[in-house]
Every structure is written in structure tokens, then in C-alpha cells.
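Here is the structure we will look at, set down as C-alpha cells.
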Amino acid sequence: MIDIKLLRDEPDRIREAMARRNAQVDLESLIALDQSRRELLHESEQLRAEQNRVSEAIAAKKRARENADEEVDAMRAVRDRIKDLEEAVRDLDQKLRQGLLMIPNLPDASVPDGADESCNAVVRTWGEIPEFSFEPADHVDVGTRLGILDLECAAKLSGARFSLQKGAGARLERALISFFLDLHTGEHGYTEILPPFLISGETMEGSGQLPKFAEEAFKVEKRDLWLAPTAEVPLTNMHRDEILPADRLPLYYTAYTPCFRSEAGSHGKDTRGMLRQHQFNKVELYKFTTPETSWDELEKLTANAERVLQLLGLPYRVVALCTGDLGFGAAKTYDLEVWLPGQNRYREISSCSNCTDFQARRAGIRYRKDKKPEYVHTLNGSGLAVGRTVVAILENYQQEDGSVVIPEALRPYMGGLDRITRQT
RNA sequence: GGAGGGUUAGCGUAAUUGGUAACGCACCGGUCUUGAAAACCGGCGCCUUCGGGCUUGGGGGUUCGAGUCCCCCACCCUCCGCCA
């Protein structure tokens, strides 16, 4: 949610930002809404003040056993008027808030302009794209032939867009989760969190997932609980409606969770394999920072995610998303794209964003600076998407004989295994 | 799932059976001190157009006025049942 003061004082900055994002927003009616809300609020507060004064006078008279019927009568009318005014304010409040929630975050000045992903800017590239003496297979063929991936069985259990891993394939997924968490907690200073995977509607709203992304998430039938679409949601809400002491910032959290997404509207996209699933594992990186440091922290967080790919020896590039491709709450986003020989192109494996104070304002997360509380900045990034890392390893490390070499950094987590060969 | 108890500022506790949230600890600032402690003074929830408004888990209701009375909901604790 953007700052309402910005709407009052510098609406042109919002207009300009919305134009860059190619977003349609009716600012005029919001400004009018805010204006009348403030007028009504002022009047009701004045009456409140009078009510407080007179009520005290009534109490004094009653204590002195004097008659106060006149005052009581007058206050009866004031009470009714206040009730009407407050109802009107509540109504305007809600409309205003709903309007504000429709406005995406303002892109940072450094974000490239552009309508879609074709305008994203490659920031840097790492690693050598592997050359094969044979035609490289995609992860589905590699995994199925090795007997470590069984998509048909997954379909039997749950339908399309699920996967089932076996033996070294299941172990590989678990090894990656441990490897990621150990790296981020041990070397990058993050605190490990294991949050609930089912979260309340209130929590979904706190990070801006609802109502906008309700279509993307799964909801359980019996209660107001949702399957977390990303650990970003519970992590953001850990400090919802809190005022943090300044000396606790920055906070670094990392969390492994499965992520559940309905992928509405992506029918026909990436239908083959485990690239786009209703359920996938992810290790998330999350930071609460002061406004002064958040841009530095974004660079560091992105570097933390990149480190994973470097240690695994997977070639990748870093892309700065353009204004048209930017997520709703992000002021700036770097995508990490890993090279997939099976597709002969780079594919997203991590997305690292600075949401500035956008999520914090909505979720009421502040810190005390000097005397006044101020909104923190929140950052999130994948470190990394586990399923897609499996895909990248199977495709980049495949050998002509169909086996897959395990990256050295991962071998301790695989019980010393250095190569996956055909399993029965 | 059943029964009972609870939720007041960071923590711990008050508030005349309705009269407009008090106190202690902790914390911050000041005085004093070589420095510190103690003591004393002030501050010690949020918003504010600086007039004031709001705040007792959340939301309604009754009332001139609700921490207090009524209704709904959430969460926590204890016991029983069930369960990994």
C-alpha cells in the first residue's frame, strides 16, 4: 500500500509511476474521497471533544447531587450525530483503503522502462554454458530414465502439475534444502524459520497476497486457512502490527516451505515436467531493514542467492525486471535465471525484490527511529526454488551414458554419492 | 469435541458492582557524581490540521458516559475425550 500522504502532497509522482508501469488508476476520485473523509472526521472529533467535556461535567453534577437532565438531553443528540458521522467515515475509509490497495508500488528510478519481459535488462552473467558431445535431454527424460522421477505416478495420485521423486531423486531434493539452509544460516547470517504452511486469511492480506492474488492460492474448505503460496507470506506477517526496536534491524530470516499455487491462467505453459507445479519446495530469504539500507541489502540478498548457483556450478544470469514486468509490491526486482540445456535458454530460479515500505505499511510493521515510529523496508528472494534447481542439475550435469554427476558442494548431503545412475 | 478459567502499555498487577484507565518493575532523558550505583525530577501506547482524538484481545449493542452490563468472534491456560 502506498502512503496516503503521497496522494495528498505529490499525486503527480504517483501518476508518473503508474504511467511507467502502464497501470490504470483513478487518482482523482481517491483524492476526493480522502478530502471528504477528513472533513467528516474533523467534525466527529470536535463533537467527541464536546462529549468528553460535558460528560465529565455531568459526572461532577451527579456527584454533587445536582440535576443534569439538560446536559444529558443535549448529549443524546450529539451522540446520534457522532454515530452517523463515524459510520460515514468508516464507509469512506473502507472505500479509500480499497482504492489504495489497487495501486502498485512505485518503481525505483533505476528500474528500466518497458512493457513486458522483453525489456528486462541483463545485469551480469556467470558461468560457462555447457557444451555437450550429444543431444542433451530435458529433465523429464533424464529423471525418468534414471528412475528417480515418476510424473505418471504423481498424476495418478494428484492429477496434473505434481511430481513424485524416488530414491536419489527424493534425496537430491532433501539435500538441496539442507544445503541452502546451512549456507544461508552458516555463512550469510540468516536465522532459520520453520513457519506454518497453512495460514489465515488475515495473514494472506498482510503481505498483499489477498485479495489481489486469491485466484492463485488454495484455500482449505473447513476454515479460513490458506496453503501458503510462498514463505514470504508467513515471514512478512511474523512482525505484523509490531514496532521493532531500531537496534534489532536488519533482521535476516530464511525458511524452507513447500509452496502451493493454483497457477490459474497459465494453462498450456510449461505443462511438461516439474517446472511449474501446484506444489514445489522453496528456501526463502527475507529481510526487515531500515529505509537507509534497503538498497544495499537488496544487492547483498541477491548475491546470497547467486552464491548458491555458484557453489553448485550452475550457469546463470541476473536480470533487472522492467517496469512492466515488476510485481505488484516490488519497487525493484532482480531475477536469477539459470541455464537449462533441455530448453536451450535461461529460466527463472529466483526472484529478489525490495518492496520498500509497501508491504510494511499494509501489514503495520514499523521500527522506532528516535521517537517516532516509521515503516520498515521489507525484502524477499528465493534462495532458491528447489524443484527448479533439481531440473537445472539434471540437465546441466547429465552425461552421455544417462547418468548425472552430483555437484561437489552437494555430495556431503548425498551421503558421499558423486553420481546418480539408473535405479530400479 | 466437552467443561471451566483467562486476555488491561515491554513485563507484572489495580480501578467503589457504570463516572472517563492507576501503580510497580524495566527502559530513556536530566540533576547529582571522577565514573557508576542509589536518590530525586521528567518521560515511558497510537494518530494529529497541535484544538484535540483514539487505546483495556477483536467486532457489535445498551447508556449522557462502558475495563466494568449484554451479544458474537479470536486466542491462551487447565481438565476430560481423541490423536502423531
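Naming convention: chains lettered A, B, ... in sequence-line order (proteins, then strands); numbering from 1 in each chain. All values below were derived from every heavy atom in this structure, side-chain atoms included, with hydrogens, water molecules and symmetry-related copies excluded. On a predicted model such as this, the values are computed, not experimentally measured, just so you know.
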Whether R48(A) contacts U48(B) is assessed here as follows: a side-chain N or O lying under 4.0 Å from the phosphate OP1 or OP2. Is that the case?
no
Looking only at C46(B), G60(B), U62(B), the nucleotide nearest the K83(A) side chain is U62(B)
side-chain contact (heavy atoms from CB on, under 4.5 Å) between L312(A) and T389(A), worked out
CA-CA 9 Å; L312(A) 292 175; T389(A) 309; 3.7 Å; yes
P-based separation of C28(B) from U78(B) [nearest Å]
35 Å
A15(B) and G67(B), which share atom name C1', separated by this distance in whole Å:
8 Å
Rounding to the closest angstrom, what is the interatomic distance between A74(B) and C64(B) at atom C1'?
32 Å
Centroid-to-centroid, H278(A) to F162(A), below 6.0 Å?
yes
Atom CD of Q423(A) with >12 non-hydrogen neighbours under 6.0 angstrom
yes
Please give the nucleotide sitting opposite U63(B) as a Watson-Crick or G-U wobble pair, both distances under 3.5 Å, or none.
none
Which nucleotide, in any strand shown, forms a Watson-Crick or G-U wobble pair with A84(B), with both distances under 3.5 Å?
none
Check every atom of U49(B), G60(B), C46(B) against the side chain of R90(A) and return the nucleotide holding the closest atom.
G60(B)
Closest-nucleotide ordering on RNA chain B, the 5'-leading residue of I243(A) and E50(A)
I243(A)
U56(B) to A39(B) separation - C1' atoms, rounded to the nearest Å
34 Å
With no hydrogens and no angle check, is any side-chain donor or acceptor of K287(A) less than 3.5 Å from a backbone partner on E297(A)?
yes
Here the distance between atom P of G10(B) and atom CG of L244(A), to the nearest Å, is 13 Å
Aromatic ring proximity F218(A)/F260(A), centre distance under 6.0 Å
no
From CD of E374(A) over to P of C47(B), roughly how many Å is that when rounded to an integer?
11 Å
Please pick, from U63(B), C46(B), G52(B), the nucleotide with the shortest atom-to-atom distance to any side-chain atom of R79(A).
U63(B)
For nucleotides U34(B) and A26(B), find the distance between their C1' atoms and express it as a whole number of Å.
28 Å
Using a cut-off of 4.0 Å on non-hydrogen atoms, how would the nucleic acid contact of R53(A) be classed: base, sugar-phosphate, or nothing?
nothing
Upstream residue (5' side of RNA chain B) when P373(A) and R76(A) are each assigned their closest nucleotide:
P373(A)
Assign R223(A) to base, sugar-phosphate, or nothing according to its heavy-atom contacts below 4.0 angstrom with the strands shown.
sugar-phosphate
If I take atom CG in residue D224(A) and atom C1' in nucleotide A74(B), what distance separates them, rounded to the nearest angstrom?
11 Å
Gap in Å between the two P atoms, one belonging to G60(B) and one to C54(B), rounded:
15 Å
Its glycosidic angle compared against 90° from 0, G51(B) adopts the form syn
U55(B) to G45(B) separation - C1' atoms, rounded to the nearest Å
7 Å
In terms of the angle between their ring planes, are H184(A) and F180(A) parallel, tilted or perpendicular, with boundaries placed at 30° and 60°?
tilted
Among residues at least two apart in sequence or on other chains, which ones pass salt bridge (charged side-chain N to carboxylate O under 4.0 Å, His left out) with R248(A)?
none
In whole Å, what is the span from the CD atom of Q46(A) to the P atom of C54(B)?
12 Å
Output the rounded distance in Å from CD (E86(A)) to C1' (G59(B)).
14 Å
Residues pairing under salt bridge (Lys or Arg N to Asp or Glu O under 4.0 Å) where one sits in residues 149-176 of chain A, two or more places apart or in two chains, turn out to be none
Give me the distances for all protein-to-nucleotides 14-21 of chain B N/O pairs that come in under 3.5 Å?
{"residue": "G19(B)", "atom": "O2'", "partner": "R63(A)", "partner atom": "NH1", "Å": "2.8"}
{"residue": "G19(B)", "atom": "N2", "partner": "S55(A)", "partner atom": "O", "Å": "3.4"}
{"residue": "U20(B)", "atom": "O4", "partner": "S55(A)", "partner atom": "OG", "Å": "3.3"}

Distance in angstrom units between D80(A) CG and G65(B) C1', rounded:
14 Å
So what's A74(B) paired with, Watson-Crick or G-U wobble, going by both distances under 3.5 Å?
U7(B)
Across every strand shown, the nucleotide meeting Watson-Crick or G-U wobble geometry with U16(B) (both distances under 3.5 Å) is none
Would you kindly give the CD1-to-P distance between I82(A) and G53(B), to the nearest whole Å?
10 Å
Taking side chain as C-beta onward, heavy atoms only, is L309(A) less than 4.5 Å from L336(A)?
yes
Pairing partner (Watson-Crick or G-U wobble, both distances under 3.5 angstrom) of A36(B):
none
Taking a pair to mean Watson-Crick or G-U wobble geometry with both distances below 3.5 Å, C79(B) pairs with G2(B)
Measure CD/E242(A) against C1'/C46(B) and give the value in whole Å, please.
15 Å
Which value, in whole Å, describes the distance between the C1' atoms of nucleotides G1(B) and U20(B)?
43 Å
Salt bridge check: are R90(A) and D93(A) linked by an N-O gap of less than 4.0 Å?
no
Scan every strand shown for a Watson-Crick or G-U wobble partner of C46(B), both distances under 3.5 Å, and answer none if you come up empty.
G53(B)
